[in-house]
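Below: the structure, in structure tokens.
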Protein chains: 2
Amino acid sequence: MTHSEENYLRAIYHLGRDGDGYVSTNAIADRLATKPSSVTDMVKKLAEKGLLDYVRYQGVSLTESGENVALTLIRKHRLWEVFLVEKLHFSWDEVHEVAEQLEHIKSEKLIDKLDALLQYPKYDPHGDPIPDKDGKFERREKKLLSEMNVGEAGICVGVKDSSATFLKFLDRHQIALGNNIKIMEREEYDGSLTLLIEGREISISHQIASNLYLNS
Amino acid sequence: MTHSEENYLRAIYHLGRDGDGYVSTNAIADRLATKPSSVTDMVKKLAEKGLLDYVRYQGVSLTESGENVALTLIRKHRLWEVFLVEKLHFSWDEVHEVAEQLEHIKSEKLIDKLDALLQYPKYDPHGDPIPDKDGKFERREKKLLSEMNVGEAGICVGVKDSSATFLKFLDRHQIALGNNIKIMEREEYDGSLTLLIEGREISISHQIASNLYLNS
DNA sequence: ACATATTTTTAGTTTTGTCTAAAAATTAAT
DNA sequence: ATTAATTTTTAGACAAAACTAAAAATATGT
């Protein structure tokens, strides 16, 4: 399994999550910043290896073994992210890039020991669940802040967009996972919300609200 | 800088250490388990980039910038080895393989933070010195056990051979870095030694003795 | 339904790092 | 010193993963 093949599988897994499972060539190309023709080539190779189901002009979906590989990668990626934040004091907007490299290190023992060092975390720094050795993970109940009603409250448990720009925005506005958030008001005109976060009152746009998850 | 290029530079650094600095094509090929013709190609490329001095049919030596790259890699490799032993409880014979992968991770911040987490160690688990950010390291005074005289004593500070087989041998015979060792007797016939290690008496062959360093 | 637009695939290149086989240079031996 | 052995380099090929440009299939709009 090469780095490149692994990157494809992880991308296809993520793209399949928010869809019916079938992923288009263009979608993969976009996500990996590559050309559709390159995707076609790679997708054929992965299908050969039994990691993908592929029908020409239709798209691909992960086979069971493909999904297993993807879940192992995601496990590694997210464990490394926890390590970087907890042990090396990286901020949550800096970890993705480095974890993307670390996830390709091949050593089962390494990842199991790392898991133990971190005391078997269930969620990464962005609130995403970490699969266990068998690829199982808790699918936590959560809902988008933008879809909640005035008066409701909850704990911030995740972000939908985990780009560095968004995460830095949250830092600047002192919004963090674990914060207690209550919706005080919704502006009809633009959908912006007034929130009570850990005692402070703050106003955020609809765009921001649609990228924050609260528990439910 | 690709993984492969980095591997060549590190290999050339190590081969240059125990020699006059000039390294032969075959020596590199052997160390990297590749063919001499491949080495010639790569060596040309690295010379193009100003990392090596290369004269056809003569061999190569690192330029200053080549040596800097090599020292950075060695720094990363050895820091990761310390991490694996200290934090993840790997044994010293298991770390090399994994560190060989980890040393290629590109993130200056990562390595500085790791250095801090480990409290700026000066030596790796095999007693080899860890270069600092500027590539400087202490060249510790040490001598081979095989070259010491009966009656002399010292602390075990390093191994010359750091292959897994040798390290496991030392484990089995309870010989570890930091141990106090005194030479009790030398057998003239085969050069084997009787040692007093931390109170225990033990006999080792010349081969073993010529791969153990004591301080001096 | 038909023409047009979009998506996907094919065909043919490129780059990187490797290889084999053969040629050239260097080193060793008698 | 000339031949033989070894080392190193060249030349040509290959696999992986990407690309461009053009062709084929699918989807869309009126």
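Note that this is a predicted model, so its numbers are computed, not measured. Chain identifiers are assigned alphabetically (A, B, ...) following the order of the sequence lines, protein sequences preceding nucleic acid strands; residue numbering begins at 1 within each chain.
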*Looking for any heavy atom pair under 4.0 Å, which part of the strands does B:T40 touch: base, sugar-phosphate only, or nothing?*
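Answer is base: heavy atoms of B:T40 come under 4.0 Å of a base.
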
Quick one about [Y] and [X] (side-chain donor to acceptor, distance below 3.5 Å, no hydrogens or angles considered), yes or no?
X: B:H96; Y: B:H126; result: no
X: A:E6; Y: A:H104; result: yes
X: B:D124; Y: B:W92; result: no
X: A:D93; Y: A:S91; result: yes

*asked:* Can you work out whether B:V55 or A:D41 has the more 5'-proximal nearest nucleotide on DNA chain D?
replied: B:V55

Atom [atom1] of [X] and atom [atom2] of [N]: how far apart are they, to the nearest Å?
X: A:Q58; N: D:dT26; atom1: CD; atom2: P; value: 7 Å
X: B:M42; N: C:dT18; atom1: CE; atom2: P; value: 5 Å
X: B:D30; N: D:dT7; atom1: CG; atom2: P; value: 9 Å
X: A:L32; N: D:dA18; atom1: CG; atom2: C1'; value: 12 Å
X: B:I28; N: D:dT8; atom1: CD1; atom2: C1'; value: 12 Å
X: A:K44; N: C:dT8; atom1: NZ; atom2: P; value: 14 Å
X: B:K35; N: D:dT10; atom1: NZ; atom2: C1'; value: 17 Å
X: B:H3; N: D:dA16; atom1: NE2; atom2: P; value: 19 Å

Check every atom of [options] against the side chain of [X] and return the nucleotide holding the closest atom.
X: B:T34; options: C:dT10, C:dC19, C:dT9; value: C:dC19
X: A:Y8; options: D:dA18, D:dT20, C:dT18; value: D:dA18
X: A:S38; options: C:dT10, D:dA18, C:dC19; value: D:dA18
X: B:Y57; options: C:dT7, C:dT18, C:dT26; value: C:dT26
X: A:T2; options: D:dA16, D:dT7, C:dT8; value: D:dA16
X: B:R56; options: D:dT9, D:dT8, C:dT18; value: D:dT9

*Would one find a side-chain N or O of A:N26 under 4.0 angstrom from OP1 or OP2 of C:dT8?*
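Looking at the OP1 and OP2 atoms of C:dT8, one of them is under 4.0 Å from a side-chain N or O of A:N26.
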
*Look at the side-chain N and O atoms of B:T25 and state whether any lies under 4.0 Å from the OP1 or OP2 oxygen of D:dT9.*
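Affirmative; the distance criterion is met.
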
*Around B:E187, counting heavy atoms of other residues, nucleotides and ligands shown, do more than 12 lie under 6.0 Å from its CD?*
yes

*Any donor-acceptor pair under 3.5 Å between the side chain of B:S37 and the base of C:dT20?*
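Side chain to base: pair found, below 3.5 Å.
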
